[in-house]
Amino acid sequence: MSLVATQSLGITLTGDGVSIRNSRRNGEKSKLFLANRKRSITRAALVQAAKPREDGAAASPSPSSKLQYRRADLADDLQAEARALSRAVDASVYSPELIAKKHGSQPLKALRRSVEILSALGGFALKLGIDQRQGKLELNMKKRAGELRRIFTRLGPTFVKLGQGLSTRPDLCPPDYLEELAELQDALPTFPDAEAFACIERELDTSLESIFSSVSPEPIAAASLGQVYKAHLRYSGQVVAVKVQRPGIEEAIGLDFYLIRGVGKLVNKYADFITTDVLALIDEFACRVYQELNYVQEAQNARRFKKLYADKADVLVPDIFWDYTSRKVLTMEWVEGTKLNEQVAIESQGLKVLDLVNTGIQCSLRQLLEYGFFHADPHPGNLLATPDGKLAFLDFGMMSETPEEARYAIIGHVVHLVNRDYEAMARDYYALKFLSPDVDVTPIVPALRDFFDDALTYTVSELNFKTLVDGLGAVFYQYPFNVPPYYALILRSLTVLEGLALYADPNFKVLAASYPYFAKRLLTDPNPYLRDALIELLFKDGKFRWNRLENLLQQGSKDRDFSAKEALQPVLKLLLDPNGEELRLLVIKEAVRVSEAIALGTVVDTYNSMPVFLRSLVFNGNGNGPLTMSAAELESTLELRDQVSRIWSLLQSSESFDPAILQPIVQVLQQPEARRLGGRVAGGVGQRLAARFLQQLLRATTPSSSPNA
């Protein structure tokens with residue numbers, strides 16, 4: 001920054017940063033600051049004005065005064081947010097018609113930019129044509145992908161964002177391009193500090209020195225859309241991060257999207273081999289970028305994210321300072337921390353990268369599959385490890401939402417993957433909006449089977465997530481898939497987190513870390529779709545798979561929010577539903593088997609605990625044991641008894657287990673349908689045990705054949 005600029009702004013460069021003098025500006029532009037400070041002092045005085053206790057000790061605020069303080073604080077916060085919204089009332093919204101009208105009337109400017117873009121991309125296209133002619137398209141794909149990444153970086157912010165967007169679209173780009181474009185960073189040159197500081201004053205309509213006592217002498221970070229300074233608030237001394245938008249960025253992005261839309265129209269019209277509506281994709285992406293240009297929208301995203309996910313003690317989301325936020329300026333709490341990919345620095349603080357990544361995965365799963373509102377750009381620069389071991393999320397410009405029906409469909413898709421039910425997996429793509437209803441999934445099933453049968457040589461939890469994404473990407477690229485943006489961003493988010501974990505542990509598997517969450521949701525969520533998915537997982541060919549239930553309980557109990565109470569009651573309600581006759585028949589059959597196994601197991605245990613001479617007396621000298629069963633049948637029966645016992649032990653081991661949770665179950669079992677079900681089970685058990693007793697009686701009364709007979 002030039003000396004002239006610093007003098008005109010009343011700023012002095014110091015060793016600690018930029019000291020801002022109060023001598024130049026006062027009066028009208030300071031009124032906003034003074035009013036805000038007065039409100040803050042008044043609020044503080046409300047709490048501090050409590051009368052001292054007679055014993056001289058400091059009086060604590062009463063519960064009512066605490067509540068009054070919180071309400072006042074919330075009211076002030078809402079008013080400050082309203083003022084920030086009023087400052088962003090003229091924020092631009094993406095409109096193809098408006099940018100066409102604006103930039104269509106500037107043909108020379110559009111022509112210059114077109115030449116710049118075509119000269120960069122034209123040479124790249126020529127190289128691709130030569131590769132194809134020489135049969136080296138596959139051989140040189142990795143090299144060309146790297147060249148495209150460098151071209152996008154040179155072409156500026158719009159193309160950096162475009163490349164980052166393409167890196168999440170496996171239906172549009174081959175895997176080599178996805179991997180290379182994912183490396184695109186927002187590393188662009190900084191713009192002059194004087195312009196940044198002038199922007200702050202213009203946007204907030206007050207002097208810089210009335211807000212900050214000091215500002216860092218240069219940006220702490222610079223990205224494609226803006227740059228960030230570290231500053232101290234004058235009224236409180238609190239350290240904040242101030243993000244300022246790059247000058248002229250909206251104009252430049254608008255021109256680029258005007259030209260890109262022109263190319264999209266040509267692709268839609270003439271490139272029949274591309275089944276995706278390219279123009280619609282461009283418009284959707286441009287709309288997201290324009291939302292990122294409105295910093296008040298980003299502040300609202302941060303507030304919503306904090307409300308939904310910062311309830312966990314290990315997740316940190318910075319606060320927003322609404323009075324110092326506008327459409328081009330964002331002021332938020334400064335977070336001290338270390339980037340998540342700096343493993344040595346993190347571990348030198350006594351922290352573990354894998355613990356932080358696990359926190360990120362669990363938070364991401366909640367984002368994606370519970371509330372649907374998720375951080376769509378979790379690269380290492382946006383994830384910090386704080387000194388006290390929390391995971392801090394930053395930069396809320398790029399957010400996305402998972403539709404409610406898709407959240408359940410994704411969990412069902414995981415169930416079908418576990419079951420290797422590729423036909424059901426292919427049908428899931430209708431529910432996920434990957435395929436239009438008129439597309440036949442029959443040819444897709446073999447492609448899924450070929451990939452997963454090869455990939456799933458171990459369990460799903462042992463599958464590397466990147467391998468899964470690459471394999472699915474190859475399938476998506478070959479068939480007429482139209483991957484929704486939310487799903488592509490989900491894949492990107494989890495791939496980034498797994499990549500960070502692999503720095504610390506080359507054997508880390510994101511699916512293994514995610515499985516407890518899926519197991520908990522399947523066991524505890526009353527949603528009908530997930531209840532059906534649970535039945536599908538537990539029953540096969542009319543038989544109950546106790547090993548699956550045991551595994552689900554083992555995995556679900558690893559999730560800190562797992563509740564045995566929640567796992568028991570929804571299952572009973574489903575079982576006793578008036579329309580659950582088909583399920584009841586399966587459960588009755590299985591309940592009879594289990595009851596018989598417990599009874600016969602008790603007989604075997606009693607027999608084994610007897611002295612040898614008593615066994616002979618009780619069982620008439622028969623040395624073949626107490627039951628007329630083959631060794632294999634007896635082993636299977638005892639294993640079933642032991643498995644049910646282990647499952648009960650797993651339920652009891654839950655932190656939330658309390659015998660009192662059985663009371664609602666008893667109430668449910670008192671319903672007429674439950675009593676009828678109990679009667680049918682008891683009848684079945686009685687018949688099986690009577691048959692066993694009759695067999696035993698006949699064996700005992702039938703004389704053994706003599707060898708000499």
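Source: prediction; values computed, not measured. All values below come from the heavy atoms of this structure, side chains included, with hydrogens, waters and symmetry mates left out.
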Exercise for the section: Take Leu330 and Glu298 through the side-chain contact (heavy atoms from CB on, under 4.5 Å) test and state the conclusion after the steps. Expected result: CA-CA 8 Å; Leu330 173 60; Glu298 181 176 344; 3.6 Å; yes
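- Between Val242 and Val240 there is a side-chain heavy-atom pair separated by less than 4.5 Å.
- For Glu138, the CD atom counts as loosely surrounded, since its 6.0 Å shell holds 12 or fewer non-hydrogen atoms of other residues, nucleotides or ligands.
- The existence of a salt bridge linking Lys143 and Asp176 is excluded, since no basic side-chain nitrogen approaches an acidic carboxylate oxygen closer than 4.0 Å.
- Proximity of the aromatic rings of Tyr371 and Tyr309 is defined here by a centroid distance below 6.0 angstrom, and this criterion is met.
- Taking the side chain as every heavy atom from C-beta outward, Ile211 and Phe321 never approach each other to under 4.5 Å.
- Under the 30°/60° scheme for interplanar angles, the aromatic rings of Phe481 and Phe434 are found to stand perpendicular.
- A side-chain donor-acceptor contact under 3.5 Å links Arg288 to the backbone of Met399.
- Ionic pairing of Lys328 and Glu250 is not present here: no N-O contact between side-chain nitrogen and carboxylate oxygen is shorter than 4.0 angstrom.
- Looking only at side-chain heavy atoms (C-beta outward), Arg304 and Phe396 stay at 4.5 Å or farther from each other.
- Within 6.0 Å of NZ in Lys142 there are more than 12 heavy atoms belonging to other residues, nucleotides or ligands.
- Counting non-hydrogen atoms of other residues, nucleotides and ligands closer than 6.0 Å to CD of Gln132 gives a total of 12 or fewer.
- Without hydrogens or angle criteria, Gln362 side chain to Ala513 main chain gives a donor-acceptor distance under 3.5 Å.
- Ser95 contributes a side-chain N or O that, together with a main-chain N or O of Leu98, makes up a donor-acceptor pair within less than 3.5 Å.
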Exercise for the section: Please lay out, stage by stage, how Asp314 and Leu391 fare under the test side-chain contact (heavy atoms from CB on, under 4.5 Å). Expected result: CA-CA 6 Å; Asp314 48 10; Leu391 180 66; over 6 Å; no
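- Rounding to the nearest 0.5 Å gives a distance of 8.5 Å between CG of Leu128 and CE of Met141.
- In summary, Glu404 and Arg407 do not engage in a salt bridge, as defined by a charged side-chain N under 4.0 Å from a carboxylate O.
- Between Gln367 and Phe305, the closest side-chain pair of non-hydrogen atoms falls below 4.5 Å.
- In this structure, Ile410 and Leu368 have side chains that are not in contact, with every pair of non-hydrogen atoms separated by 4.5 Å or more.
- A donor-acceptor pair under 3.5 Å is formed between the side chain of Tyr430 and the backbone N or O of Val439.
- Tyr295 and Gln300 are not linked by any side-chain donor-acceptor pair at a separation below 3.5 angstrom, with hydrogens and angles left out of the test.
- Put simply, OG on Ser119 and CG on Leu155 are 8.0 Å apart, with the number rounded to the nearest 0.5 Å.
- Other residues, nucleotides and ligands contribute over 12 non-hydrogen atoms within 6.0 Å of the NZ atom of Lys230.
- Relative orientation of the Phe152 and Phe159 rings is tilted, given thresholds of 30° and 60° on the angle between their planes.
- At least one donor-acceptor pair under 3.5 Å links the side chain of Glu333 to the backbone N or O of Asp319.
- For the pair Thr325 and Val296, the minimum side-chain heavy-atom distance is below 4.5 Å.
- Side-chain contact check for Gln297 and Glu292: no donor-acceptor pair (N or O, by modelled atom type) lies under 3.5 Å.
- Counting only distance, with no hydrogens or angles, the side chain of Arg246 and the backbone of Ala223 share a donor-acceptor pair below 3.5 Å.
- Between Tyr94 and Phe257, the two ring planes are perpendicular [angle over 60°; tilted spans 30° to 60°].
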Exercise for the section: Dump the intermediate steps for side-chain contact (heavy atoms from CB on, under 4.5 Å) on Ile253 and Tyr290, then the final yes or no. Expected result: CA-CA 9 Å; Ile253 285 177; Tyr290 266 73; 4.0 Å; yes
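- The closest side-chain heavy-atom distance from Trp322 to Thr331 is not below 4.5 Å.
- Between Arg144 and Glu180, no side-chain nitrogen of the basic residue sits less than 4.0 Å from a carboxylate oxygen of the acidic one, so the salt-bridge criterion is not met.
- Checking side-chain atoms of Asp323 against main-chain N and O of Ala80 turns up no donor-acceptor pair under 3.5 Å.
- Residues Lys390 and Val315 have side chains not in contact (no heavy-atom distance under 4.5 Å, counting atoms from C-beta outward).
- Within the model, atoms CG of Leu225 and CD1 of Ile249 stand 5.5 Å from one another, a figure rounded to the nearest 0.5 Å.
- Looking at Arg87, Glu203, Gln245 one by one, the single match for side chain to side chain donor-acceptor pair (under 3.5 Å) with Ser326 turns out to be Glu203.
- Summarising the local packing, NZ of Lys306 is surrounded by more than 12 heavy atoms from other residues, nucleotides or ligands at distances under 6.0 Å.
- Using a 4.0 Å cut-off between charged nitrogen and carboxylate oxygen, Lys102 and Glu251 count as a salt-bridge pair.
- With hydrogens and angles ignored, the 3.5 Å screen pairs no side-chain donor or acceptor of His232 with any backbone N or O of Gln238.
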Practice task
Test Leu365 against Phe518 for side-chain contact (heavy atoms from CB on, under 4.5 Å), laying out the working first.
Solution key: CA-CA 9 Å; Leu365 291 170; Phe518 283 100; 4.2 Å; yes
